[in-house]
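To start, the structure itself, in structure tokens.
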Amino acid sequence: MLKFRNILVWAGLLILVAMGGIARAADGTPAVLTGERDAVAVARHMSVLVDPEGGWDFQAVRDRFASRFQANHSDALNFGFTGSVIWLRFAVDARGVAGEDWYLVERYPILDHITLFAPLPDGGYRRVDMGDTLPFDHRLMKHRAFIFPLDTSVSADRDYFVRVSGKGALNMSPMLYSASGLVEYTYRDLLVYGIFYGCLLIMVVYNALLALSLKEPVYLYFVAFLVGITVFNLNVNGFGLQFLWPSVPKLNEYYWLGIFICTPALAMYSRHFLSLKERFPRYDRLIRGYLLGVALLLPVQLLVAAPWSYYLSTLLVVVTVLLFSWLGWTVWSAGYRAARLYVAAWFVFLGLIFVFVLGNLDWIPYDSLISMLPHLGALWVVVMLSLALGDRIRFLEQERNLLARQSRDTLERHLAEIEQMNRDKSTFLQYVSHELNTPINWIGAADSLGSGDDQEGVWQLVRKGQKRLIGMVSTSLRYFDLADRDRPPAARRCRPGALLDALLASRAGVLARQGLTVNADMDADLTVLADEGELGEVLGMALDNAIRFGGPGGSIEVTGRALAGEAQIRVRDHGRGAGPDQLESLFEPFFVVGSRHHEEGYGLSLAMARVMIEQAGGRIWAESDGPDTGFALVIRLPLA
């Protein structure tokens, strides 16, 4: 990129030489100083010469290469990352302010080398060297900006020259200030940065106190992030050299140390803030890998000389912003509402940094506002992440309240289940006592008949009692197995019509003996999601109940229809029916209509049917208009 840029520069110079050069008047008009203004933007009055190799001296630039200067047409000067030396030339018309104090002020504070060649009355030039590679005491005025006093007694036709070089991006926003204008600029500058650093200090103290009171590590990580932001900005704003290390300018080359404080602190903050370990373990592994990469990059950064160390730190910032912007968006999209302010913080910061990078690369016009974008972005991130912590507390409070309500509801449900289990236990014990009493009576009757001649009748009573007990035990075990299973069989596509045909064929003899007719009106293409074996079992129970209680000589209607995403199967008889107070009790274990005991049943068929249908995602209920009006069993299942 740099070589390509230099090639373009040389090509432009060759074209100018071929055209015979240009007159100095084409470089721009002098900057006119008057008593009516305290500040004059000087960039548009400057002309630019690029020394690709950095080997030209002032005498050569002033004389031999004077015709190669090109006029600048923007309010700021931006040369991006370049190894070239930049020469600037401008003229000042100071006749209107002769004898007054005026200054050339370069407001970009992290230029490695900036030298002013100022004209003297005797025709010579005075050289003044500054830069952030020199001790702060080397400056003529104790200010973070580079301030050069101007000699307003020199006539307007004399030129000033500025030589600029550095390992980082070369951005310039030069101004001419009167004494009062310089005071006003300094006041505004200190006010703006005072607010900026005051906000950072308030955030540091506030979150440190929260960390101490709440014992939450996320606040400590946020404090470390704020410290890194502060260290970085003190360096790039020039305040570090002015107030903290004025005699050790070498530390300015290590401005990226603030980045290596920010990035791991931000990663740990994000892990805890977004609850990655508990909610998104895959992303937590990604952040751990990122932290390992930062740890490996730090020794490389210490060993690599500038400007490559600058490039690596810039790459780390870009990767970090992109990574955590994507991470916040992904977590928020996954339903973690506490990440909304986190997302807002990084997306705005990403946009501001993107514009700042474009300005540094000279892809868009660079001005003083662009130079402030990292500070505005950092302040935005600090404020939004701090607000996000409060929002997270509110979110966690809501989540805790929800969990408390759910726990209370679960506890109440478990208590209700325990009470129901106690009732079921009592019912079961009553049922078992009654059921055991019947075969015992039969066995006692058989014993009293055992001395007679009717031995066959005795064995019939014994076998009947044995069969009754075996049926009761097996049916009870089947019911409890169904009710207690954690994983019902997988639902598959099945056709109720085919199951009904098989059931009717198997019960044809019973239907004929009782003179019952079955009117089946089942849609042939009706397909539901259920376990085929258990659905057939439920239909068989419904059909057996209709045969048992429908009465001889009657009819049974079986219908199947698709209704709004569900299938409805209805089995109706015209027998003795049930009262409205009994319809729900029919599905309770060991309940039989009209009695607590019936020799042909155990009161578990409908209870088992409800368990199987509900575990398949369906519903089942009973309908009846009252005694002797018939009975209907209705089944709803999802359509396939």
Side-chain angles (χ1 to χ4, degrees), residues 5-6 8-33 40-74 76-79 82-95 98 102-106 108 111-131 133-134 138 140 146-166 170 172-176:
R5 184 185 180 91
N6 293 336
L8 293 179
V9 171
W10 278 107
L13 292 177
L14 290 174
I15 292 173
L16 291 176
V17 172
M19 294 175 61
I22 57 176
R24 191 175 65 181
D27 294 342
T29 59
V32 179
L33 307 182
V40 176
V42 72
R44 286 187 178 272
H45 299 281
M46 288 182 165
S47 53
V48 182
L49 174 65
V50 178
D51 177 5
E53 305 299 329
W56 301 342
D57 59 16
F58 171 65
Q59 197 63 37
V61 170
R62 179 189 174 192
D63 299 331
R64 188 150 46 101
F65 301 122
S67 61
R68 297 184 182 181
F69 278 88
Q70 293 181 304
N72 172 61
H73 300 290
S74 62
L77 299 161
N78 178 22
F79 306 98
T82 177
S84 302
V85 172
I86 307 299
W87 289 88
L88 305 172
R89 184 178 66 192
F90 66 98
V92 176
D93 183 354
R95 288 172 295 182
W102 277 78
Y103 305 88
L104 171 66
V105 179
E106 174 47 54
Y108 190 66
L111 295 173
D112 289 354
H113 304 280
I114 178 170
T115 302
L116 175 68
F117 295 89
L120 297 172
D122 61 1
Y125 278 84
R126 178 170 58 97
R127 174 172 177 161
V128 182
D129 291 306
M130 293 190 192
T133 59
L134 299 175
H138 198 79
L140 300 178
F146 303 112
I147 301 177
F148 301 90
L150 300 180
D151 186 356
T152 56
S153 64
V154 178
S155 60
D157 59 353
R158 299 288 301 278
D159 292 326
Y160 289 82
F161 292 84
V162 178
R163 183 183 187 275
V164 182
S165 64
L170 296 183
M172 300 183 67
S173 52
M175 291 289 294
L176 297 176

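The two residues D57 and A60 have their closest heavy-atom pair at OD1-N, 2.8 Å. Listed here is the closest heavy atom pair of P121 and S153: CG-OG, 4.5 Å. N72 and A43 make their closest contact through ND2-O, 2.8 Å (heavy atoms, listed as atom of the first residue, atom of the second, distance).
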| side-chain contact (heavy atoms from CB on, under 4.5 Å) between W102 and V92, intermediate numbers included | CA-CA 11 Å; W102 277 78; V92 176; over 6 Å; no
| Audit row: V61, F69, side-chain contact (heavy atoms from CB on, under 4.5 Å) steps and yes/no | CA-CA 9 Å; V61 170; F69 278 88; 3.5 Å; yes
| query | Passes side-chain contact (heavy atoms from CB on, under 4.5 Å), R95 versus L33? Steps please. | reply | CA-CA 8 Å; R95 288 172 295 182; L33 307 182; over 6 Å; no
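Using a 4.5 Å heavy-atom cutoff, the side chains of F79 and V164 are not in contact. Side-chain contact between M172 and I114 is present, with heavy atoms from C-beta onward closer than 4.5 Å. In this structure, the side chains of I147 and L104 stay at 4.5 Å or more apart for every pair of heavy atoms. Within the 4.5 Å cutoff, the side chain of W87 has no heavy atoms near those of the V48 side chain. Within the 4.5 Å cutoff, the side chain of H45 has no heavy atoms near those of the P30 side chain. Contact check for F146 versus V105: no side-chain heavy atoms found under the 4.5 Å cut-off. Annotation: side chain of P119 is in contact with side chain of Y160 (closest heavy-atom distance under 4.5 Å). Proximity of D159 to Y125: side-chain heavy atoms (C-beta onward) are separated by under 4.5 Å at one or more points.
Side-chain atoms of E106 come within 3.5 Å of backbone atoms of Y108 as a donor-acceptor pair (strictly under, hydrogens ignored). For the pair Q70 (side chain) and L49 (backbone), a donor-acceptor distance under 3.5 Å is absent. Between the R44 side chain and the H73 main chain, a donor and an acceptor come within less than 3.5 Å of each other. The closest donor-acceptor contact from the side chain of H113 to the backbone of S165 lies at 3.5 Å or more, if one exists at all. No donor-acceptor pair under 3.5 Å is formed between the side chain of D51 and the backbone N or O of V85.
Residues meeting the salt bridge (charged side-chain N to carboxylate O under 4.0 Å, His left out) test with R127, sequence neighbours left out: D129. Under the ring-ring contact (aromatic ring centres under 6.0 Å, His included) criterion, F148 pairs with no residue at all, not counting sequence neighbours.
Using the six-membered ring where Trp is involved, F161 and F58 have ring planes that are perpendicular, over 60° apart on the 30 and 60° scheme.
Taken from CG in L134 to CG in D112, the straight-line distance is 9.5 Å, to the nearest 0.5 Å.
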